[in-house]
Amino acid sequence: MRTAHCAVEFGWNRVEYCPLAPNRVRGFWFKAEKESKMSGKVPYEETHLYRLRHSLAHVMAQAVLEMFPTGKIAIGPPIQDGFYYDFDLPRPLTPEDLKAIEKRMRNIIKKKHKFHRRELSAEEARQLFADQPYKLELIDGLEAGGVDEYGEPTDEPPVISTYKHDTFEDLCKGPHVDNLGEIHPKAFKLLKVAGAYWRGDEKRQQLQRIYGTAWETPEELEEYLHRLAEAEKRDHRRLGKELDLFSTEPDMLGGGLVLWHPKGGLMRHLAEEFCKNEHLAHGYDLVYTPHIGKSTLWETSGHLDFYRDSMYAPLDIDGQEYFLKPMNCPFHILMYKSSLRSYRDLPLRFAEWGTVYRYERSGVLHGLLRVRGFTQDDAHHFVQPEKMPQEIDFVLNFCLHILRSFGFTDFQAYLSTRPKEGKAVGDLQQWADAERALEDALKRANLPYDIDPGGGAFYGPKIDIKIKDALGREWQLSTIQFDFNLPERFDMTYIGEDGQPHRPYMVHRALLGSMERFFGVLIEHYGGAFPVWLSPVQVVLIPIADRHVPYCRQVAERLKAAGLRVEVDDGSERMGNKIRLAQKQKIPYMLVVGDKEQAASQVAVRLRSGEDLGPRDVAEVEQMILDAVASKQ
RNA sequence: GCCCACGUAGCUCAGGAGGUAGAGCAACGCCUUGGUAAGGCGUAGGUCGGCGGUUCAAGUCCGCCCGUGGGCUCCA
């Protein structure tokens, strides 16, 4: 029971707060794609690109060993967009080294060596790699066998194979290109050196990892590098500064803590206002809970046993320990327990924009996407077990409705099912019912989904929803999770039709996840050019000369009275520069006023797309903008 | 936390191999009243992240600390 709880909470945190950069969820993608019955895509491992990247990893290892003959090599797989290889070298690599390595690689490739595969016994392999301790460890693992690359037991006898090209032979299961002539010497690039632990274990040797990207053609490489540059322009940290939305102040304030500036604060207000109203309209109650609670609360919930590493040190209040909350659920449960509940009261849906604080290691903090203090759009549903199917159906649809309202239309869902025997709590029937409820809801919602078999947490299955942003990057925002466990821990009950107490089920769910993280995603998705309803400044009036300022003010007052957010740029800059500045601020409507417009009671409308709509009557423009706001464009 | 890189004016950045700080933009002032992405001139603004050390002399070299960025469960 206790371990089960650990999974609940840890899973909840991970789901929301792993940075979810594509590379970070890669392992899961491999698996999901491999086992997907829905995607129909050719698995990455079977593509030529995969072999090409894998081969380049070997070529890179050869080049590095030529430069550092005493160097030790670890592993070097293909990854999304490229490949890497981990090395244990006598000195740190410099950017100049990367260039030199790249050059050597090109020379090796040009010789068009063939790849030769051979199988050998563990003993032969040990002799071959006698001076490569990491390889020896891998060989030991292979010989012991019984585990595939996902850590799953396998019956197949281990086969040890190597691939050799030119002078370099590496322990490798392949596959590779036939010969290096298949690789265009100008279609790859080494990107960076980074630290990585042997086998991902921070207690073990830290290695130097060289990342490279590789493609079939130089054009594709260019395109990829261009994509990276585009992504950088959209970086929410850069835009947050340029648009004056938020800041962080690590020196005096502390890392991972966010200051929402007036414009960002306004956007958050608009988003929350919309969401809260939708929650109220869909059968949720809005609640508020404190930021701290006594240690007994966190003992009961299991947080102190299993989540303490992520919690901050206690406060002493009158000799009692209080903890800053890392989650809202225990408070909502206390609220549930504050009175006797009847089946007639269920489902109860407590929603809270709850601000929580969690310790994150300093190295993982990242802008708005990974922080230490954040506000979840959290809710807990308390449900009769037999009503769970309808409840999941409801929450899933509500979730999509909210996400769509912010302009996200491309979703991918993941249904994570029961882990292996002995690794799950609850009886099989509970699980089966829950999984079926989730899957049916996914079908009814007409959502593409993949199943992640055994990927559920110990306590129950879950649905995670990822959205695809304008650059095609996936971000996980929403999670909808069953919980069989906390109701037990807190001995929650409701009185059923039979007059007897029963145990409710719980759903934890966050739709936008956290306001901080969601805001970061939103900024990157729109590149700062937000939908009109969210734009901090919706309209700027641009007088061509000072004599047009009074008329501009008059129009501005009218638009403000209609509920729009309007500014008048009465500075001494020329019109061209005012347009440029408004453009940089991504203001949706620029209304230019000169003698002609003023005389005709019009404004010349320019959109941030650059489109010039020409002179329009003020009433028409007002209606056009109001329509855009209302339709959330 | 660990590895690497970085930390110079509000912002973006220059400052070959040590000799008492520069540019553009922003800000402010003056001039300009200009039709769809930068009008002109001028002014002000920096204990070069912090603390120690080497040196006649340190933004520049060394050490420690703080912070930022990229990585760190992709398994031969």
Side-chain angles (χ1 to χ4, degrees), chain A residues 14 18 21-31 44 54 57-58 73-80 82-86 92-95 125 129 132 134-139 141-142 147-151 158-163 170-174 191-211 235 237-238 241-242 248-252 254-255 360-367 542-549 572-584 590 592-597 604-608 610-614:
Chain A
R14 294 285 295 183
C18 76
N23 56 344
R24 201 167 278 261
V25 292
R26 192 63 220 172
F28 175 60
W29 285 110
F30 272 123
K31 191 172 180 179
Y44 180 41
H54 199 167
H58 281 219
I73 57 176
I75 57 168
I79 53 172
Q80 184 176 40
F83 59 93
Y84 71 77
Y85 212 112
D86 287 343
L93 292 165
T94 64
F129 294 103
Q132 287 293 347
Y134 300 101
K135 297 296 176 189
L136 291 176
E137 189 175 327
L138 292 171
I139 292 164
L142 284 172
V147 177
D148 74 5
E149 61 264 43
Y150 305 120
V159 174
I160 297 177
S161 60
T162 65
Y163 277 80
D170 197 4
L171 187 69
C172 183
K173 72 177 172 188
L191 297 176
K192 59 201 165 199
V193 201
Y197 299 99
W198 170 235
R199 304 216 134 171
D201 182 348
E202 63 191 71
K203 292 189 188 68
R204 306 197 62 177
Q205 181 68 35
Q206 181 145 24
L207 306 170
Q208 297 192 66
R209 174 173 297 180
I210 304 177
Y211 281 98
D235 189 304
R237 291 164 301 181
R238 167 202 284 257
K241 203 175 277 180
E242 287 175 5
T248 52
E249 210 294 308
D251 291 332
M252 276 199 260
E360 297 279 0
R361 299 151 109 206
S362 59
V364 305
L365 300 175
H366 181 86
I542 299 177
I544 286 177
D546 284 349
R547 62 179 177 280
H548 307 121
V549 169
S572 67
E573 296 295 328
R574 285 166 197 261
M575 183 207 58
N577 199 31
K578 290 178 181 177
I579 286 177
R580 175 175 155 267
L581 294 172
Q583 196 76 46
K584 276 173 67 175
M590 287 159 253
V592 180
V593 172
D595 290 333
K596 284 181 288 183
E597 288 77 14
V605 181
R606 181 195 159 100
L607 307 180
R608 63 187 161 190
E611 195 181 353
D612 185 354
L613 301 184

### Message
Taking only the P atom of each, what is the distance from B:rG69 to B:rU8 in whole angstrom?
### Response
14 Å

query: NA contact type, A:Gly195, heavy-atom cut-off 4.0 Å: base, sugar-phosphate, or nothing?
result: base

Using a cut-off of less than 4.0 Å, is there contact between a side-chain N or O of A:Tyr211 and OP1 or OP2 of B:rC72? yes

Picking from B:rC75, B:rG71, B:rC72, the nucleotide nearest the side-chain atoms of A:Gln206 would be B:rG71

Item to complete: Between B:rC62 and B:rG7, how far apart are the P atoms? Round to whole Å, please.
Response: 13 Å

Walking RNA chain B from its 5' end, the first of A:Gly610 and A:Asp546 to be reached, judged by nearest nucleotide, is A:Asp546

* With rounding to whole Å, what would you report as the distance between B:rU73 and B:rA9 at their C1' atoms? -> 44 Å

Interatomic distance, CD1@A:Ile79 vs OH@A:Tyr84, rounded to 0.5 Å, equals 7.5 Å

Taking B:rG63 as the reference, what is the distance to B:rA27 when you measure between their P atoms (whole Å, please)?
42 Å

Of the candidates B:rU36, B:rG71, B:rG67, the side chain of A:Ala604 sits closest to B:rU36

Check your understanding: Say you pick atom C1' in B:rG19 and the same atom in B:rC48; how far apart are they, in whole Å?
Key -> 16 Å

A:Asn577 atom CG is separated from B:rG35 atom C1', nearest whole Å, by 14 Å

Look at all strands and tell whether A:Arg237 reaches a base, only sugar-phosphate, or nothing, counting heavy atoms closer than 4.0 Å.
-> sugar-phosphate

dist A:Ile542:CD1 -> A:His548:NE2 (nearest 0.5 Å) comes out at 13.5 Å

Here the distance between atom P of B:rU68 and atom NE2 of A:His366, to the nearest Å, is 12 Å

Separation of B:rG71 atom P from A:Glu202 atom CD, nearest Å, is 17 Å

Side-chain contact check for A:Ala545: nearest option of B:rC75, B:rU33, B:rG67 is B:rU33

| said: Over all strands shown, is A:Ile542 touching base, sugar-phosphate only, or nothing at heavy-atom distances under 4.0 angstrom? | reply: nothing

Here the distance between atom C1' of B:rU12 and atom NZ of A:Lys584, to the nearest Å, is 10 Å

- request: Evaluate the side-chain contact (heavy atoms from CB on, under 4.5 Å) criterion for residues A:Gln583 and A:Arg606: first the C-alpha distance (whole Å), next the side-chain angles of each, then the deciding distance (0.1 Å), finally the verdict.
  value: CA-CA 10 Å; A:Gln583 196 76 46; A:Arg606 181 195 159 100; 3.0 Å; yes

### Task
Can you tell me, in whole Å, how much space there is between the P of B:rU36 and that of B:rU32?
22 Å

Taking atom types as modelled, find out whether A:Asn577 and A:Arg574 have a side-chain donor-acceptor pair closer than 3.5 angstrom.
no

Rounded to whole Å, OH of A:Tyr85 lies from C1' of B:rC75 at a distance of 11 Å

Margin query: By the 4.0 Å heavy-atom rule, please label A:Glu137 as base, sugar-phosphate, or nothing.
Written below: nothing

Whole-Å distance, A:Ile579 CD1 to B:rG39 P, equals 11 Å

- If you look at every strand shown and take non-hydrogen atoms under 4.0 Å, does A:Thr162 touch a base, only sugar-phosphate, or nothing? nothing

Sequence neighbours excluded, the answer for salt bridge (charged side-chain N to carboxylate O under 4.0 Å, His left out) partners of A:Asp612 is none

note: A:Lys192, atom NZ; B:rC4, atom P; distance rounded to Å ~ 17 Å

Query raised in the report: Would you say B:rC75 has OP1 or OP2 under 4.0 Å from some side-chain N or O of A:Arg209?
Result: no

inquiry  = Under 4.0 Å between a side-chain nitrogen and a carboxylate oxygen: does that hold for A:Arg237 and A:Asp235?
reply    = yes

Value for CH2 (A:Trp198) from CD (A:Gln206), rounded to nearest 0.5 Å, stands at 14.0 Å

Where RNA chain B forms runs of at least three Watson-Crick or G-U pairs (i with j, i+1 with j-1, under 3.5 Å), the stems are B:1-7 with B:66-72, B:10-13 with B:22-25, B:27-31 with B:39-43, B:49-53 with B:61-65

Under 4.0 Å: is that the gap between some side-chain N or O of A:Arg361 and OP1 or OP2 of B:rC72? no

Over all strands shown, is A:Asp595 touching base, sugar-phosphate only, or nothing at heavy-atom distances under 4.0 angstrom? base

By nearest-heavy-atom nucleotide on RNA chain B, the more 5' of A:Leu581 and A:Leu207 is A:Leu207

Here the distance between atom P of B:rC75 and atom OH of A:Tyr84, to the nearest Å, is 7 Å

Correct closest heavy-atom pair for A:Asp170 and A:His58 would be CB-CE1, 3.5 Å

When rounded to the nearest 0.5 Å, the distance separating OG of A:Ser161 from CG of A:Leu142 is 8.5 Å

Same-atom distance (C1') from B:rA37 to B:rC64, integer angstrom: 49 Å

Here the pair of heavy atoms bringing A:Arg204 nearest to A:Tyr197 is O-CD2, 3.6 Å

**Prompt:** Reckon A:Gly594 touches a base, only the sugar-phosphate, or nothing at all at heavy-atom distances under 4.0 Å?
**Reply:** base

A:Tyr197 has its side chain closest, among B:rC4, B:rG1, B:rU68, to B:rG1

Strictly below 4.0 Å: does A:Lys241 bring a side-chain N or O up to OP1 or OP2 of B:rG10? no

Side-chain atoms of A:Arg580 come closest, of B:rA38, B:rC74, B:rU36, to B:rA38

Q) If we take the C1' atom in both B:rG71 and B:rU12, what is their distance in whole Å? A) 25 Å

Ranking B:rC72, B:rG70, B:rU36 by distance to the side chain of A:Ala194, first place goes to B:rG70

